[in-house]
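Below: one structure, written as structure tokens.
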Amino acid sequence: MSIPNTAPTKPATLVRWATDVEKSVITANCEKRPGWVRGNIENDDWNFYWTSVFTTRSIFSLETGYRLADDQIISHFPNHYELTRKDHMVRNCKRYRKDLEREGNPLADKDEFGRYVYLDFLPQTYILPADYNIFVEEFRRNPSSTWIVKPAGKAQGIGIFLVNKISQIKKWSKDKAGSQQIPHTKDVYIISKYIPDPLLIGGKKFDLRMYVLVTSYTPLKAYVHTQGFCRFCTVKYTASLNELDNLFVHLTNVAIQKHGEEYNETHGGKWSIKNLRLFLEGTYGKRASDKCFDEIFWLIHHSLKAMQGVISTDRHCFELYGYDVIIDEALKPWLIEVNASPSLVTTTANDRMMKYDILNDMINIVIPPGEGVDTRVKRGPPKVLGGFEVLCDEEQRLLEAKQFERRDSRAGNKGKSVKRLSTWK
Ligand SMILES: Nc1ncnc2c1ncn2[C@@H]1O[C@H](COP(=O)(O)OP(=O)(O)OP(=O)(O)O)[C@@H](O)[C@H]1O
């Protein structure tokens, strides 16, 4: 047998990758991909750029006048904040519902109490200072409820507090703005109805972090990952007013909980979505668990539909969002917020594996294995989904509908209306 005297050939360079977020789950993922080499940001020598939102903002700013080339893609949409800033997200979702209502779309039907039947997935929310007077009216109608105040543009639980009296808001606004009243406060906040009856596991409150990839808004192409996790509070939940200030009871953010005495560094107060589903199935039955998750997919889908026409589809952009959802004790999910840069910090071994897998699956969708970047090429549905599931592919759906129509007309059914069941996909 003859031994070849040439060294194995290196795979041709397919993708030059770059990042300004030096997290090992990103760099390790890019480094191991055949044909991927590290590019150079300074020389604009890159095809795939995993950036922070700040870099994206500067790349797309008018001052920079930068134009992305056909072989460059970047990890945020230019105006992603329409979904990921708390006040914009709420405003856009409310406008979406109103638009559907105006069109007479049955999706925007309301019940006898004036609540949306299908699109009631946001806790009642007002933007401060703009909606202050409407909030006060609402508060007076329901004086026994608790509200949560959050700065619109911050994360990790910073600046969040709970209130149950108007006087607390007045005092807070005075402290913030000196002698001025809330309508003059410079910073934007949102104030949301506090979900008083969250589903508890082991007596503790938790929320879900789900990962959602969007590769296009119009047509909408979105994928949701089967991995994700629940973040638990370290202290048992109580709705007692005496504990309103106790953030370890009410806020599930790891950034808050890790300072608690009960914080466990091995599991980091986290549970996989898979475990949650098993728990729900075991406790409430499979139907109830599936229904709860279908409702989660539904709310993700409609929060994205609300961004169509608002977030500009740019063929150079994709985005991986971190959706925060709370399930209440009736197993109804509520959308809390959407993060543009879900944390890639890994606090436990499981965390590291999960985040690595999600990024790996995401890259396989955005740049299929063995291919380079060419934003002019229209790709069909992804061949490798990994742990992602298709949440919505409007292009594919349109194609299928056309094929269906053609088949139908060939079969002589032209003109007859064909009713098809619609699912959340
Ligand atoms: N309406 C609500 N009802 C009950 N709990 C809520 C509500 N809104 C927020 N919370 C709790 O407060 C936490 C922080 O809220 P939120 O995620 O909006 O803020 P954040 O500071 O941006 O957090 P993140 O770091 O996840 O971006 C949530 O994880 C949840 O536990």
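Residues take their numbers from the sequence shown, with the count starting at 1. Because only heavy atoms are used, hydrogens play no part in the values below, and waters and symmetry mates are left out as well, while side chains stay in. Just follow the structure's listing: the first ligand is 1, and inside any ligand the first atom is 1.
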Per-atom contacts, ligand 1 versus Lys86 - under 4.0 Å to a heavy atom:
18 (O), 19 (O), 20 (P), 22 (O)
So, does Thr56 use its side chain to make a donor-acceptor pair with the main chain of Pro78 at under 3.5 Å?
no
Which heavy atom of the protein is the closest neighbour of atom 30 (C) of ligand 1, given with residue, atom name and distance?
Thr252 OG1, 3.6 Å
Contact check, side chains of Gln168 and Phe161, non-hydrogen atoms, under 4.5 Å:
no
of all protein heavy atoms, closest to atom 4 (C) of ligand 1 is Tyr194 CE1, 3.2 Å
Anything under 30° is parallel, anything over 60° is perpendicular, the rest tilted; go ahead and classify Trp298 against His302.
tilted
Polar contact flag for Gly157 and ligand 1 (N/O pairs, less than 3.5 Å):
yes
Hey, is Lys150 touching ligand 1 through its side chain, its backbone, both or neither, going by heavy atoms under 4.0 Å?
side chain
Tell me which protein heavy atom sits closest to atom 15 (O) of ligand 1, plus the residue, atom name and distance to 0.1 Å.
Ile160 CD1, 3.7 Å
Of the non-hydrogen atoms in Asn79 and Val310, which two are nearest, and what is the gap between them?
ND2-O, 2.7 Å
Examine the side chains of Glu138 and Asn142 and answer whether a donor and an acceptor come within less than 3.5 Å of each other.
yes
What are the atoms of ligand 1, with element, lying closer than 4.0 Å to any heavy atom of His250?
11 (C), 31 (O)
Heavy atoms only, cut-off 4.0 Å: how does Lys193 contact ligand 1, side chain, backbone, both, or neither?
backbone
Just jot down the ligand 1 atoms closer than 4.0 angstrom to any heavy atom of Lys154, in number order.
22 (O)
Ligand 1 to Asp324, heavy atom cutoff 4.0 Å, flagged ligand atoms 17 (O), 26 (O)
Identify, for atom 25 (O) of ligand 1, the protein heavy atom at the shortest distance, and state residue, atom and that distance.
Gln156 N, 2.6 Å
The closest protein heavy-atom partner of atom 12 (O) of ligand 1 is Leu251 CD2, 3.2 Å
Starting from atom 16 (P) of ligand 1, which protein heavy atom do you reach first, and at what distance in Å?
Glu337 OE2, 3.7 Å
Compute whether any side-chain donor of one residue and acceptor of the other, for Asn364 and Lys383, lie under 3.5 angstrom apart.
no
With a cut-off of under 6.0 Å to the ring centre and 45° to the axis, is Arg277 in cation-pi contact with Phe293?
yes
Have a look at Ile326, Ile195, Leu335, Thr146 and point out the one with the heavy atom closest to atom 6 (C) of ligand 1.
Ile326
Starting from atom 13 (C) of ligand 1, which protein heavy atom do you reach first, and at what distance in Å?
Asn253 OD1, 3.2 Å
Any chance you could measure Ser145, atom OG, to Lys193, atom NZ, to the nearest 0.5 Å?
4.5 Å
Cation-pi, Trp334 ring and Lys332 (6.0 angstrom, 45 degrees)
yes
Less than 4.0 angstrom from a charged side-chain N to a carboxylate O is my criterion; do Glu394 and Lys305 meet it?
yes
Out of the candidates Trp147, Tyr132, Tyr189, only one should pair with Trp172 under the ring pair (Phe, Tyr, Trp, His ring centres under 6.0 Å) rule; please name it.
Tyr189
Please determine if Ser192 has a nitrogen or oxygen closer than 3.5 Å to a nitrogen or oxygen of ligand 1.
no
Spell out, as yes or no, whether a donor-acceptor pair under 3.5 Å connects the side chain of Thr55 to the backbone of Thr51.
no
Hey, is Lys205 touching ligand 1 through its side chain, its backbone, both or neither, going by heavy atoms under 4.0 Å?
side chain
Note: Val117 and Lys110 closest approach over all heavy atoms is CG2-C, 3.6 Å
Does ligand 1 have a heavy atom under 4.0 Å from the side chain of Arg209, from its backbone, from both, or from neither?
side chain
Under a 4.0 Å heavy-atom limit, does Asn339 contact ligand 1 with its side chain, its backbone, both, or neither?
side chain
among protein heavy atoms, the one nearest atom 10 (N) of ligand 1 is Ile148 CD1, 3.7 Å
What atoms of ligand 1 come closer than 4.0 angstrom to any heavy atom of Arg231?
26 (O), 29 (O)
